[in-house]
Colleague: 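Below you'll find the structure I mean.
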Amino acid sequence: MKAIVQSEYGQADDVLHFEQADAPEVGDDDVLLQVHAAGVDRGTWHIMTGLPYPIRVAGFGLRKPKYLNPGRSLAGTVQAVGKNVTTLHPGDEVYGIGDATFAEYACARARKLAPKPKNLTFEQAAAVPISALTALQALRDHGSVQQGQAVLITGASGGVGTFAVQIAKAFGAKVTGVCSTPKVDMVRALGADHVIDYTQTDLANGESRYDVVIDIGGNRSLHDLRHVLTPRGTLVITGGETDGRWLGGSDRQVRALMLSPFVSQKLGTFVCSENSDDLLELTELIESGKVTPVIDRAFPLTEAPAAIRYLQAGHARGKVVIAVSGHVPVT
Ligand SMILES: NC(=O)c1ccc[n+]([C@@H]2O[C@H](COP(=O)([O-])OP(=O)(O)OC[C@H]3O[C@@H](n4cnc5c(N)ncnc54)[C@H](OP(=O)(O)O)[C@@H]3O)[C@@H](O)[C@H]2O)c1
C-alpha cells in the first residue's frame, strides 16, 4: 500500500516520507479498513515529535515511534475483521480512531469505531473523531452543561472549538466563543450567541460571568479563567499548546486539579476517551443537523507533512484533513 512512513521522532518535513509499505495484519479484536480520509489534530504533532515526553510513556514509543505514522482519526470502509469482532462487517462504512491512518489501509479496534454519519463525506467524517469526542466529553461529562447555562469556549475557531460551540448550543446553552478577528463571523455562524475577539477585548476585564468555561486555546492563566467563572462554576481545561518538552503546557491543569478541592469552583481537566458509544452520540447530533464539521482544508496523502505544518501554525478554521483516496462523494 501507499503510506506515510515515519521511523524516528522529529518535525514533519524531516521524518515523514511517502512510501510503499506492507498493509497491516488484522488482530483478533481489530478491523482492517481501507482509509478514505484521515484527520489531523494537535495530537498528530505530539505523536510525530514524541513531545512532550510523557506521550512516549503513554504508548507511542519510548525512543522511536511505535506506529508506521502518526495518523489516528479516520473514515473508511471495512475490509476484514478479526475473529472476535461481531459488530462490524466487510463493506461497512465507518469512522473513528485507528493506528497509522495516513495510509491506504489501517487497523482499528472495533470499540473505537462507529458507522459513518450518513450525511457526511468521508473527508467530513474523518474530521470528527478525536476533536468532537473531546468537545462532547468536555461539555457533557466534565462541564455537566445544562440547558440555559452560560458557557464560555476559548479556542472556539479551532478543531475542538468548532465542535464545542455547536454541541453546547445543541445542549441549550448560551454560548460565548473566543477567537481572533478573522474568525468572529465563522464562530457566530456556528451558533455562538456572543463572540469575543481576543485581539480587541480582554475577557478578564469584562463584566460577564460563566457557569462553565471550556478552555481550549490561548493558555489564559488559571487566575483569569477563575475570574470569569461564577462562584460555583466549572472550569474544564481541555488544551493549550506551549513548547514545554516535559509538561507541554499542562502545568495549568496540574495546578487546577490541586486547587479545586479548596475552592467553591470546580476546576479540572481530562483526557479524551475514545469509544464507539460517544461516536454514536455524535452521529445522532450530526445526522439531526445540529453539528456539522468545519473543514478548513483537505490535503492529499502525499502532502501530509504540509497538512501538519499548516495546523501547527495555529490558525486553521476548524479542521484539517487528509484525503487518502481522493475526494469521495457523499454516499
Ligand atoms: N484533553 C484532550 O484529551 C484533548 C483532545 C484533543 C485536543 N486537545 C488539546 O486541545 C487544544 C486545541 O486543539 P485543537 O485541535 O482544537 O487545536 P487548533 O485546531 O489549533 O485550535 C486551537 C485554536 O486556539 C485558538 N487560539 C489561539 N490563541 C488563542 C487565544 N489567545 N484565545 C482564544 N483562542 C486562541 C486558535 O484560533 P485563532 O486563530 O482564532 O486564535 C486556534 O484555532 C490542543 O492543545 C490539543 O492538544 C486535548
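Every number for a ligand or one of its atoms is a count from 1 in the order of the listing. Below, all heavy atoms of this structure are taken into account, side chains as well, without hydrogens, waters or symmetry copies.
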Colleague: Below 3.5 angstrom, do we get any N/O pair linking Arg42 and ligand 1?
Modeller: yes
Colleague: In terms of ring plane angle, is the pair Phe270 and His142 parallel, tilted or perpendicular, where the classes change at 30° and 60°?
Modeller: parallel
Colleague: Taking 4.0 angstrom as the limit and counting only heavy atoms of Ile216, give me the atoms of ligand 1 inside it, by number and element.
Modeller: 11 (C), 12 (C)
Colleague: Using every non-hydrogen atom in the two residues, find where Gln6 and Tyr9 come nearest and quote the distance to one decimal.
Modeller: NE2-CA, 3.9 Å
Colleague: Going by distance only, is there an N or O of Ser131 that falls short of 3.5 Å from an N or O of ligand 1?
Modeller: no
Colleague: List ligand 1 atoms under 4.0 Å from Cys179, heavy atoms only on the residue side.
Modeller: 40 (O)
Colleague: Checking Gln137 side chain against Ser273 main chain: does a donor-acceptor pair fall under 3.5 Å?
Modeller: yes
Colleague: Any N/O of Gly43 closer than 3.5 Å to an N/O of ligand 1?
Modeller: no
Colleague: If the condition is side chain to side chain donor-acceptor pair (under 3.5 Å), which residues does Thr283 pass it with, not counting sequence neighbours?
Modeller: Tyr95
Colleague: Please lay out, stage by stage, how Gln79 and Leu33 fare under the test side chain to side chain contact (heavy atoms under 4.5 Å, CB included).
Modeller: CA-CA 5 Å; Gln79 299 295 300; Leu33 297 146; 5.8 Å; no
Colleague: Do Lys183 and ligand 1 have an N or O pair less than 3.5 Å apart?
Modeller: yes
Colleague: Which heavy atom of Ala316 sits nearest a heavy atom of Leu311, and at what distance?
Modeller: CB-CD1, 4.1 Å
Colleague: Taking distance alone, with no angle check, do Gly161 and ligand 1 share an N/O pair under 3.5 Å?
Modeller: no
Colleague: Which residue owns the protein heavy atom closest to atom 25 (C) of ligand 1, what's the atom, and how far is it?
Modeller: Gly155 CA, 3.8 Å
Colleague: So is Thr134 polar-close to ligand 1, meaning N/O to N/O under 3.5 Å?
Modeller: no
Colleague: Arg226 vs Gln265, test: side chain to side chain contact (heavy atoms under 4.5 Å, CB included). Steps then yes/no.
Modeller: CA-CA 8 Å; Arg226 288 190 61 206; Gln265 296 161 331; 2.7 Å; yes
Colleague: Out of Ala313, Gly158, Gly239, who gets a non-hydrogen atom closest to atom 22 (C) of ligand 1?
Modeller: Gly158
Colleague: Take Leu222 and Leu235 through the side chain to side chain contact (heavy atoms under 4.5 Å, CB included) test and state the conclusion after the steps.
Modeller: CA-CA 9 Å; Leu222 208 48; Leu235 168 65; 3.7 Å; yes
Colleague: To the nearest 0.1 Å, how far is atom 36 (C) of ligand 1 from its closest protein heavy atom, and which atom is that?
Modeller: Gly314 O, 3.5 Å
Colleague: With heavy atoms only and a cut-off of under 4.0 Å, state how Ala156 meets ligand 1: side chain, backbone, both or neither.
Modeller: neither
Colleague: Does only the side chain of Val160 get under 4.0 Å from ligand 1, or the backbone, or both, or neither? Count heavy atoms.
Modeller: both
Colleague: State the atoms of ligand 1, each with its element, that fall below the 4.0 Å cut-off from a heavy-atom position in Cys272.
Modeller: 2 (C), 3 (O)
